[in-house]
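A short worksheet on the structure shown next.
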Amino acid sequence: MKNILILGGDGYLGWPTAMYLSSKNYKVTVVDNYFRRNICKEKNIESLLSNPDLIQRSNLWYKLTGKEIKVSIGDLTEISFMDSLFNGKIKLDWGNNNSFDLPDTVIHFAEQPSAPFSMIDSEKSNFTLINNVISTNNLINSIKKFNIKAHIIKLGTMGEYGTPNIDIEEGWLNVEHNNRKQKFLYPRQASSIYHTSKIMDTDLLWFAVRTWKIKVTDLMQGPVYGIFTKQTELNENLSTIFNYDEIFGTVINRFLTQAVIGYPLTIYGKGNQTRGYININDSIKCIELAIQNEPKNGELRIFNQISETLSVNQIAAKIVDCCKTIGISAQTSNKINPRVENEDHYYNPKYQALKDLGFKPSLFNEEIIIKMINEILKYKKNINESAIFNGVKW
Ligand code: USQ
């Protein structure tokens, strides 16, 4: 089985992905600097579920399954730390050092992932740019120096494309100009510093693919929702970080948590903003498909990683309906939009390539909504109402 290195292994997607791949007998190592959990503590916007640190969770995973998820804690914007993951000089904080195998595949989640966080002030904006762009550049350089055959799977975002008035292709656009043709990266026009940092990552990776022939899969993912996977359900202390606050919480996770405590669902502006959404379990399956179907060296392969498109109003309506079914009275409230974004726009992204590899999307339906509400209800006493809306503005 392949050796998988997960950068950002403590995050919402990183940890469940690590357990899933470990359960499938991939050899997994996770790396993190605990940025997100530290900021959540500092800002009093902690996860709904208790999240022991990576060392404790890896220990528990080993006890329950006999499988090892190795852990290395450090800052990926430091060149020597990134290099250590590829040159055999890794210092593990958990796991057997003697059996560390160099990675065949690197999954890069290690980014500041929040649009609102990147817009708080100049310092947070700079942190986002430096962390995201430099960690990506360090990764490229370590791969170039030590193992050009390693496959980078980069988490990109649908938000890089913005909301253009034409169909969104999967990464590329064929342009005909004055009777000549060329395929270019599809135009990108983001609407936050965070999303812009991801465009910069894409440019760096495309440069490195052209210049040094590294191999990259860029997964253009929409907002992810969900609270459990088969592996997190094994034990409460294996849960993922589940944020519902306005900084790290994505809209569906926020709305479901709001519904549980009778907080009117915070629709920003008119609520016609449409995005491509994906369940956390689908997201992990897509990552596995990307691992199994490597591009060639010198190829940047781009997939739009979403399961369906929904407007904010459609999401809210589905949740209100399901709440009615189970006897919860949920209301909505239109807030003055704290973000600068189009509220009425065309949105037609293609998302066929992952389906061609076997991806079967699951939808945001009554079954999943009610299951998530019941799960959140178990932790109702942990919900901190003051984290929900303070209006972080663009
Ligand atoms: N929204 C509301 N009410 C809320 C929160 C959000 O109406 O309480 C709206 C936003 O205005 C936006 C939409 O819901 O129109 C989605 O917002 P979001 O916070 O769920 O997602 P976003 O900020 O775009 O970022 C999230 C992740 C990010 C990922 C991105 C994918 O935090 O890491 O890259 O989703 S995408 O949006 O496709 O770029």
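Start at 1 and go down the list; that is how both ligands and their atoms are numbered. Keep in mind that what you see is a predicted model, and the values were worked out from it rather than measured.
- The side chain of E341, and not its backbone, has at least one atom closer than 4.0 Å to an atom of ligand 1 (non-hydrogen atoms only; side chain from C-beta on).
- The pair E294-K2 meets the salt-bridge criterion, since a charged nitrogen lies less than 4.0 angstrom from a carboxylate oxygen.
- The CD atom of Q112 sits 12.5 Å away from atom CD1 of I130, with the distance rounded to the nearest 0.5 Å.
- In this structure the side chain of L300 never reaches within 4.5 angstrom of the side chain of P295, judged on heavy atoms.
- With respect to the salt-bridge test (charged N to carboxylate O, under 4.0 angstrom), the residues E170 and K350 do not qualify.
- For the pair Q258 and ligand 1, the shortest N or O to N or O distance does not fall below 3.5 Å.
- The side chain of R275, and not its backbone, has at least one atom closer than 4.0 Å to an atom of ligand 1 (non-hydrogen atoms only; side chain from C-beta on).
- In this structure, the protein non-hydrogen atom closest to atom 28 (C) of ligand 1 is P113 O, 3.4 Å.
- Between K145 and D83 there is a salt bridge, since at least one side-chain N of the basic residue sits less than 4.0 Å from a carboxylate O of the acidic one.
- The contact set between ligand 1 and G159, taken as ligand atoms under 4.0 Å from a residue heavy atom, comprises 36 (S), 38 (O), 39 (O).
- Looking only at side-chain heavy atoms (C-beta outward), M158 and P349 come within less than 4.5 Å of each other.
- At under 3.5 Å, not a single nitrogen or oxygen of I267, backbone or side chain, sits near a nitrogen or oxygen of ligand 1.
- At a threshold of 4.0 Å, the pair E299-K215 does not count as salt-bridged, since none of the basic side-chain nitrogens sits closer than that to a carboxylate oxygen.
- Of the polar atoms of Y268, at least one N or O is found under 3.5 Å from an N or O of ligand 1, judged by distance alone.
- Distance check: N131 CG to T136 OG1 gives 8.5 Å after rounding to the nearest 0.5 Å.
- Given atom 20 (O) of ligand 1, the protein heavy atom at minimum distance is V251 N, 2.8 Å.
- Each of the atoms 31 (C), 38 (O) of ligand 1 lies under 4.0 Å from some heavy atom of Q221.
- In this structure, atom 30 (C) of ligand 1 lies nearest to the protein heavy atom T157 OG1, 3.8 Å.
- For Y277, no nitrogen or oxygen atom sits less than 3.5 Å from a nitrogen or oxygen atom of ligand 1, counting backbone and side chain alike.
- Within the 4.0 Å heavy-atom criterion, the part of V312 lying near ligand 1 is the side chain and not the backbone.
- With hydrophobic clusters built from ILVMFWY side chains whose heavy atoms lie under 4.5 angstrom apart, Y12 shares a cluster with Y34.
- A salt bridge does not link D218 to K154: none of the charged nitrogens lies less than 4.0 Å from a carboxylate oxygen.
- For ligand 1, the polar-atom distance check finds an N/O of Y194 within less than 3.5 Å of one of the ligand's N/O atoms.
- Given atom 21 (O) of ligand 1, the protein heavy atom at minimum distance is P223 CG, 3.9 Å.
- For atom 26 (C) of ligand 1, the nearest non-hydrogen atom from the set T250, I247, D245 comes from T250.
- Residues passing the ring pair (Phe, Tyr, Trp, His ring centres under 6.0 Å) test with Y161, sequence neighbours excluded: Y186.
- By the criterion of a heavy-atom distance under 4.0 Å, the side chain of H195, and not its backbone, is placed next to ligand 1.
- For the pair K230 and E233, the salt-bridge criterion is not met [side-chain N within less than 4.0 Å of a carboxylate O].
- In summary, the atoms of ligand 1 found under 4.0 Å from a heavy atom of M158, numbered by their order in the structure, are 38 (O), 39 (O).
- Within ligand 1, the atoms closer than 4.0 Å to a non-hydrogen atom of R254 are 4 (C), 5 (C), 8 (O), numbered from 1 in the order shown.
- With hydrogens left out, the protein atom closest to atom 22 (P) of ligand 1 is R339 NH1, 3.8 Å, a heavy atom.
- From the protein, the heavy atom lying nearest to atom 8 (O) of ligand 1 is T266 OG1, 2.8 Å.
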